[in-house]
Amino acid sequence: MNSAIGLEALFEFANEGILITNQNGEIVRINPAAERLFGYEKSELLGQKIEVLIPSKLAGTHVKHRENFNQHPQPRAMGQGMDLYGQRKDGSVLPVEVSLSPYESDKGRFVIAFIIDIRVRKEQSEALRKNHEQLEYYTEELKASNAELENFAYISSHDLQEPLRKIRSFGDRLKISDGDKLSEQGKDYLNRMLNASVRMQDLISDLLTFSRLSTRAKPFEQVNLSNVLRDVLSDMEVTIEETGAKIEVAKLPVIAAEPTQMRQLFQNLISNAIKFRKDGEQPVIKIGARLILNPENNNEETIELSFADNGIGFDEKYNDRIFNIFQRLEGRKYEGSGIGLAICRKICIRHGGNIIARSTPGSGTTFIVTLPKLHA
């Protein structure tokens, strides 16, 4: 195909608007896409100054830019320079992106302008900007709300302890001094009150622990998880002996973490495994670790810890619920506040990790904890 015909076809059928002006800034050619873009017929623009397509308040400035370009002509790519705007025949203004290419022929010096309508891009960019601002606003609101809730939980739990201690104290005194004088029904009421106060004390203690995970967080340091586990097993020695639990442990790594929270994490997961054991069967808990490299992030090292038991298990359709505060799948059959696993998840998230559970009813549960080995 003749190259001249090819260039003519490119000019006529291009999706971008194309204008050619002479050194006086007069439009000498315009393609159909530019006609559609600005709403003019070709005959209305030929011979007109290019400023007819510039908003009136910007036309004077554009003349200076055009004269400067003619004195120092050089190609200018799309997207370079300040925001540009064109004006359509109906007076409406639209944002555009313009690429300029000067060229000379035996008929003089000319400038080819490639023009793209960027209204949709601008609208999308503005929408993204507003969404980003809104997201930042909601994020700050959420942070403030969470801080208020944590502060409320801490203060409320702390203030509840004193009246609760009085209830337990006077209840114990009443049982010792006048327990024999009470009727059987009175004794039952007193015992139920004392048991309820014990459960309430445990609940408050766990709630305080949960709120302190953020409000009293400490800096990270290098933590040997094997040492953490050794201390936890030592603290739980009586419970392990009473239940006959068998703990199988692999060598655990050293990671950047908060020691106290790692201790809480291990103790809650081991206690959970012992609590939900099968009747008449020795509880067996296997604790393992492996290193995972993330090739998509410069081979970042992640530690995966597993806590596998042979307990009662649960249906995985409840997987999301078990990590929510106060959630209990087994009702009141087992002791506890329903906060333990919520504490575990909060600790994992605070360390940049996560926790999930794999389980089948009657076939035990495996909790999988992922934690970064290092922190920036």
Side-chain angles (χ1 to χ4, degrees), residues 1-139 296:
M1 182 174 65
N2 186 287
S3 60
I5 296 175
L7 290 173
E8 186 65 23
L10 179 64
F11 182 85
E12 290 294 325
F13 296 104
N15 290 323
E16 297 86 359
I18 304 176
L19 293 172
I20 302 178
T21 61
N22 61 23
Q23 59 188 12
N24 296 319
E26 297 167 343
I27 301 171
V28 297
R29 288 208 66 178
I30 178 171
N31 75 339
E35 292 181 69
R36 292 190 298 271
L37 181 61
F38 291 101
Y40 285 94
E41 295 292 334
K42 182 188 301 185
S43 58
E44 297 177 277
L45 290 176
L46 293 178
Q48 296 280 351
K49 294 281 190 180
I50 189 66
E51 280 75 30
V52 73
L53 301 177
I54 305 296
S56 55
K57 64 179 181 179
L58 302 174
T61 304
H62 187 269
V63 171
K64 295 178 182 179
H65 286 310
R66 173 166 57 80
E67 291 174 349
N68 184 62
F69 184 83
N70 284 333
Q71 292 174 9
H72 308 283
Q74 57 182 356
R76 189 182 73 185
M78 289 284 186
Q80 288 189 350
M82 56 186 170
D83 290 342
L84 300 175
Y85 294 89
Q87 181 169 291
R88 306 183 80 248
K89 182 179 179 180
D90 62 9
S92 61
V93 175
L94 70 156
V96 293
E97 200 168 71
V98 180
S99 170
L100 301 178
S101 296
Y103 81 98
E104 292 190 19
S105 72
D106 55 0
K107 296 181 180 180
R109 181 181 294 169
F110 298 88
V111 177
I112 303 176
F114 295 87
I115 307 167
I116 297 177
D117 180 357
I118 60 171
R119 280 176 292 184
V120 174
R121 189 196 306 171
K122 282 279 187 180
E123 290 170 0
Q124 292 174 339
S125 178
E126 181 63 15
L128 283 173
R129 184 188 66 78
K130 289 182 178 179
N131 287 340
H132 182 69
E133 288 181 353
Q134 199 169 40
L135 181 60
E136 285 187 333
Y137 171 77
Y138 286 140
T139 299
E296 297 180 0

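Only a predicted model underlies this, so the values are computations on that prediction, with no experimental measurement involved.
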Trainee: Supply the atom-to-atom distance Thr21 OG1 to Arg109 CZ, rounded to the nearest 0.5 angstrom.
Mentor: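 Result: 11.5 Å between the selected atoms.
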Trainee: Quick one: pull up NE2 in His62 and CG in Leu53 and give me the separation to the nearest 0.5 Å.
Mentor: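 Spacing of NE2 (His62) from CG (Leu53) equals 9.0 Å.
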Trainee: About how many Å separate CD1 of Ile50 and CD1 of Ile20, when rounded to the nearest 0.5 Å?
Mentor: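 It comes to 11.0 Å.
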Trainee: Report yes if the side chains of Glu97 and Ile115 come closer than 4.5 Å at any heavy-atom pair, otherwise no.
Mentor: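 No; the side chains remain at least 4.5 Å from each other.
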Trainee: Do you know which two heavy atoms are closest between Leu100 and Ala113, and how far apart they sit?
Mentor: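 So the two residues come closest at CD2-CB, 3.7 Å.
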Trainee: Under a 3.5 Å distance rule, please check whether Arg36 uses its side chain to pair with a backbone N or O of Gly17 as donor and acceptor.
Mentor: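 No; judged by distance alone, with no hydrogens or angles, the pair does not exist.
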Trainee: With sequence neighbours excluded, what pairs up with Gln87 under the side chain to side chain contact (heavy atoms under 4.5 Å, CB included) test?
Mentor: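 Testing Gln87 for side chain to side chain contact (heavy atoms under 4.5 Å, CB included), a comparison that skips the adjacent residues, returns Pro55, Val93.
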Trainee: Treating Glu35 as the side-chain partner and Glu41 as the backbone partner, does any N or O pair qualify as donor plus acceptor under 3.5 Å?
Mentor: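 Side chain of Glu35 to backbone of Glu41: no pair is present.
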Trainee: So, using side chain to side chain contact (heavy atoms under 4.5 Å, CB included) as the criterion, who are the partners of Ile18 when residues are at least two apart?
Mentor: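 In terms of side chain to side chain contact (heavy atoms under 4.5 Å, CB included), with neighbours along the sequence ignored, Ile18 is linked to Phe11, Ala14, Asn31, Ile112, Phe114.
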Trainee: So, Thr139 side chain and Leu135 main chain: donor-acceptor pair closer than 3.5 Å or not?
Mentor: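 Pair found, side chain donor or acceptor close to backbone of Leu135.
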Trainee: Which residues pass the ring-ring contact (aromatic ring centres under 6.0 Å, His included) test with Tyr103, not counting sequence neighbours?
Mentor: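 Expected list: Phe110.
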Trainee: For atom CG of Asn131, is the number of surrounding heavy atoms from other residues, nucleotides or ligands below 6.0 Å larger than 12?
Mentor: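 Count over threshold, so yes.
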Trainee: Are the charged groups of Glu12 and Arg29 less than 4.0 angstrom apart, N to O?
Mentor: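 Yes, charged N to carboxylate O under 4.0 Å.
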Trainee: As an exercise, state the distance from OH of Tyr137 to NE2 of His132, rounded to the nearest 0.5 Å.
Mentor: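 The OH atom of Tyr137 sits 16.0 Å away from the NE2 atom of His132.
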Trainee: Is there side-chain contact between Val96 and Tyr85, with heavy atoms separated by less than 4.5 Å?
Mentor: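 They are not in side-chain contact.
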Trainee: Quick check: do Pro32 and Phe13 have side-chain heavy atoms less than 4.5 Å from each other?
Mentor: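 No, every pair of side-chain atoms sits at 4.5 Å or beyond.
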Trainee: Sequence neighbours excluded, which residues qualify as side chain to side chain contact (heavy atoms under 4.5 Å, CB included) partners of Asp90?
Mentor: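 Partners of Asp90 by the side chain to side chain contact (heavy atoms under 4.5 Å, CB included) criterion, ordered by chain and then number, come out as Arg88, Ser92.
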Trainee: To the nearest 0.5 Å, tell me how far Glu51 CD sits from Ile27 CD1.
Mentor: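 Here the interatomic distance stands at 9.0 Å.
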Trainee: What pairs with Glu26 under side chain to side chain donor-acceptor pair (under 3.5 Å), at least two apart in sequence or on another chain?
Mentor: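 Once residues adjacent in sequence are excluded, the partners of Glu26 under the side chain to side chain donor-acceptor pair (under 3.5 Å) criterion are Asn22.
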Trainee: Taking Lys49 for the side chain and Asn24 for the main chain, is one N or O donor matched with an acceptor at less than 3.5 Å?
Mentor: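 Answer holds: yes.
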Trainee: Among residues at least two apart in sequence or on other chains, which ones pass side chain to side chain contact (heavy atoms under 4.5 Å, CB included) with Glu133?
Mentor: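 In terms of side chain to side chain contact (heavy atoms under 4.5 Å, CB included), with neighbours along the sequence ignored, Glu133 is linked to Arg129.
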Trainee: Measure the spacing between OH of Tyr40 and CG of Leu45 and express it to the nearest 0.5 Å.
Mentor: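 These two atoms lie 6.5 Å from each other.
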